[in-house]
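Okay, structure first, notes after.
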Amino acid sequence: MRRIAVVGRGTAGSLAAASVTRLLPDRDHELHHVYDSRIPAIGVGEGSWPSLVQELRQLTNLPHETVQQRLKGTRKYGVAFEGWGRRNRDFTHYFTPQQVSYAYHLSADLMADLLHEGTRAHHIDAKVLDIARVEGGAQVEFDGRPPERYDLVFDARGFPGELHPDRHIDISFIPTNTAVIRRCPAIVTEEPGGPVLQHTYTRAVARPHGWIFVIPLTIHTSFGYVFNRDVSSLAEVESDFDAFLETDGVSEFEQRAVIPFPNFVHRQVYDGAVARIGNAAAFMEPLEATAIVSAQLQIGMVLNMRLNRPAENVDRDAPVVNRFLVNNVLRYGLFVGWHYSCGSRYESAFWRHARDRVWPRHRKAADPEVTGCDALRKFDEMIELMNRPVIDKEDWNRMCAVPLTSYAQMSQGLGC
Ligand SMILES: Cc1cc2nc3c(=O)[nH]c(=O)nc-3n(C[C@H](O)[C@H](O)[C@H](O)COP(=O)(O)OP(=O)(O)OC[C@H]3O[C@@H](n4cnc5c(N)ncnc54)[C@H](O)[C@@H]3O)c2cc1C
């Protein structure tokens, strides 16, 4: 572990470079942080889970209050669902303990800047053509520079160009594949002398063509319409987006981007020398903000295994770590896909497609024969627990990517 490279400077690459700096504080290693400044980071990704609050405190050595202010952040206590499920009532999925545990709504660009301040690395602005495992490490091929050998490479280059069944598991039971992003004036404003203490929630509002997220930061409010471009046209979505903003009292907005996305997990997240992290490793639609927390887990597991286990165990550990990380994403996927299983207040083409055609695919897509892991069995166990008249105390700490309390709140709220 003398030479480490992180390729990519989005959220995932920035977290990895800062984590290497923190966990290898002595200077007898070399960290190369490589990125192509002509390829912008995706920049969305403004909701998180509570573990990020602790992690940013450790990585930056700054008090929580300062971190929150630097991120132009607010405190996210959960996700407020509007119009989801069969009960026709709004409900909140709180982090546990409810009203105590919070995450951040944050500016992704500002978080990357904050992490870079504490990172000690040699920066290389170049296009990477290939990253491959070689005897005893990994080799990175550059455009216009000689190749370099490393002991460990984090590949954080974002979404793969295309999915291939040999390399990627298609999370085909998620019914959305595109987002339209708009930015509107802030609805929560910075208080002089301290961070915003007000409890805030990501709103997840069901709409005829999908759902809209509303994320309040102190510099702006982010709105995103998440939909399926094979079911609804962009024009239909834009028109419903306009109608939503009008009823929400938002009179001005900046159109930011239309982002197509895949729902997948790479079969080989970690091979002992190359660790895919962030959107290069896996992605699913942002309903439960599962991307940053997955990147944290990927980085933390790989670094802890490499730093705390004898070097001769690397080849034996790699498949175990890989299976754990793939399993974790699939469990998140099943939890997120299940949100669609009871439909919404809209009996539209999108919601019929999501509920009746896409979600029923989950048994085949997550079959252990296809995925090589037991995510489906664990998910089934959680649903079985939800259906019991009494949940015994010894089961209260069970989890399947998220805790039992999350399943219970969603089950109650959705009516399934
Ligand atoms: C609509 C939407 C909403 C989202 N909301 C959330 C949310 O609320 N919460 C959440 O956790 N996540 C969310 N996400 C996920 C979010 O994208 C990720 O959390 C996060 O941005 C991770 O991105 P990344 O760092 O993996 O990749 P990117 O941001 O794409 O960064 C890729 C980096 O790699 C570099 N690069 C690429 N190719 C090369 C190359 N060949 N050579 C050298 N460098 C290269 C680029 O320069 C860039 O620096 C959302 C995603 C979408 C699409």
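We count ligands from 1, going down the list as the structure has it; atoms in each ligand are counted the same way. Quantities reported herein were computed from a predicted structural model and do not represent experimental measurements.
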At a non-hydrogen distance cut-off of under 4.0 Å, which region of [X] contacts ligand 1 (side chain, backbone, both, or neither)?
{"X": "Ala179", "result": "side chain"}
{"X": "Ala156", "result": "backbone"}
{"X": "Val34", "result": "neither"}
{"X": "Glu285", "result": "neither"}

(Q) Minimum distance, heavy atoms only, to atom 29 (O) of ligand 1: which one of Val6, Ile42, Val226 is it? (A)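 Closest candidate by heavy-atom distance is Ile42.
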(Q) Can you check which of Arg256, Arg157, Glu288 brings a heavy atom nearest to atom 45 (C) of ligand 1? (A)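 Among Arg256, Arg157, Glu288, the closest heavy atom to atom 45 (C) of ligand 1 belongs to Arg157.
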With atoms numbered from 1 as shown, which atoms in ligand 1 lie under 4.0 angstrom from a non-hydrogen atom of [X]?
{"X": "Gly10", "answer": "25 (O), 29 (O), 31 (O), 33 (C), 49 (O)"}
{"X": "Glu46", "answer": "7 (C), 8 (O)"}
{"X": "Ala12", "answer": "25 (O), 26 (O)"}
{"X": "Ile181", "answer": "1 (C)"}
{"X": "Gly158", "answer": "27 (O), 30 (O), 32 (C)"}
{"X": "Pro286", "answer": "2 (C), 3 (C), 4 (C), 5 (N), 6 (C)"}

**Q.** Note: Arg57-Glu55 ion pair, threshold 4.0 Å (strictly below)
**A.**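 Looking at Arg57 and Glu55, the cut-off is not met.
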Q. Got a salt bridge between Asp125 and Arg9, using NZ or NE/NH1/NH2 to carboxylate O under 4.0 Å?
A.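 No salt bridge links Asp125 with Arg9.
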Heteroatom distance test ([X], ligand 1): nitrogen or oxygen, under 3.5 angstrom:
{"X": "Phe159", "answer": "no"}
{"X": "Gly278", "answer": "no"}
{"X": "Thr11", "answer": "yes"}
{"X": "Asn279", "answer": "yes"}
{"X": "Asp36", "answer": "yes"}
{"X": "Ile292", "answer": "yes"}
{"X": "Arg9", "answer": "yes"}

Is it true that [X] lies under 4.0 Å from ligand 1, counting heavy atoms only?
{"X": "Ala126", "result": "yes"}
{"X": "Thr202", "result": "no"}
{"X": "Phe283", "result": "yes"}

Q | Residue pairs, two or more places apart or on separate chains, that pass salt bridge (Lys or Arg N to Asp or Glu O under 4.0 Å) and touch residues 97-121 | A |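 Only Arg70-Glu117 qualify under salt bridge (Lys or Arg N to Asp or Glu O under 4.0 Å).
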Please list, one pair per line, the donor and acceptor atoms closer than 3.5 Å that link side chains of residues 130-140 to other protein atoms, with sequence neighbours excluded.
from: Arg133; atom 1: NH1; to: Asp271; atom 2: O; distance (Å): 2.5
from: Arg133; atom 1: NH2; to: Asp315; atom 2: OD1; distance (Å): 3.1
from: Gln139; atom 1: NE2; to: Glu141; atom 2: OE2; distance (Å): 3.1

Q | Full working for salt bridge (charged side-chain N to carboxylate O under 4.0 Å, His left out) between Glu254 and Arg182 | A | CA-CA 6 Å; Glu254 181 193 340; Arg182 293 179 178 180; over 6 Å; no
Q: Apply the test side-chain hydrogen bond (donor to acceptor under 3.5 Å, both in side chains) to residues Asn327 and Asp374: give CA-CA distance (whole Å), side-chain angles for both, the deciding distance (0.1 Å), then the verdict.
A: CA-CA 7 Å; Asn327 215 331; Asp374 70 350; 2.9 Å; yes
Q.
Can you tell me how far apart OG (Ser344) and CG (Asn88) are? Round to the nearest 0.5 Å.
A.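 These two atoms lie 9.0 Å from each other.
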Q | CG-OG1 distance between Leu404 and Thr96, expressed to the nearest 0.5 angstrom | A |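 It comes to 9.0 Å.
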(Q) Applying the ring pair (Phe, Tyr, Trp, His ring centres under 6.0 Å) criterion to Trp84, which one of Tyr346, Phe91, Tyr340 satisfies it? (A)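 Only one option passes, and that is Tyr340.
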**Q.** Protein residue, atom and distance nearest to atom 9 (N) of ligand 1, heavy-atom basis
**A.**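 I find the closest protein heavy atom is Gly47 O, 2.7 Å.
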**Q.** Protein contact of atom 12 (N) of ligand 1 - nearest heavy atom, named by residue and atom, plus distance
**A.**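 Its nearest protein heavy-atom neighbour is Ala291 CB, 3.2 Å.
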Q. When the ring centroid of Phe81 is compared with that of His339, is the distance short of 6.0 Å?
A.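 Between His339 and Phe81, which both carry aromatic rings, the centre distance is below 6.0 Å.
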Q.
Is it the case that the ring center of Tyr77 lies less than 6.0 angstrom away from the ring center of His199?
A.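 Centroid separation for His199 and Tyr77: below 6.0 Å.
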Q) Parallel, tilted or perpendicular: which fits the ring planes of Phe379 and Trp359, with parallel below 30° and perpendicular above 60°? A)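 Taking Trp359 first and then Phe379, their aromatic rings stand perpendicular (interplane angle over 60°).
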Q: Give the ring-plane orientation class for Tyr225 versus His209, where under 30° counts as parallel, over 60° as perpendicular and anything between as tilted.
A: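 Tyr225 and His209: tilted rings.
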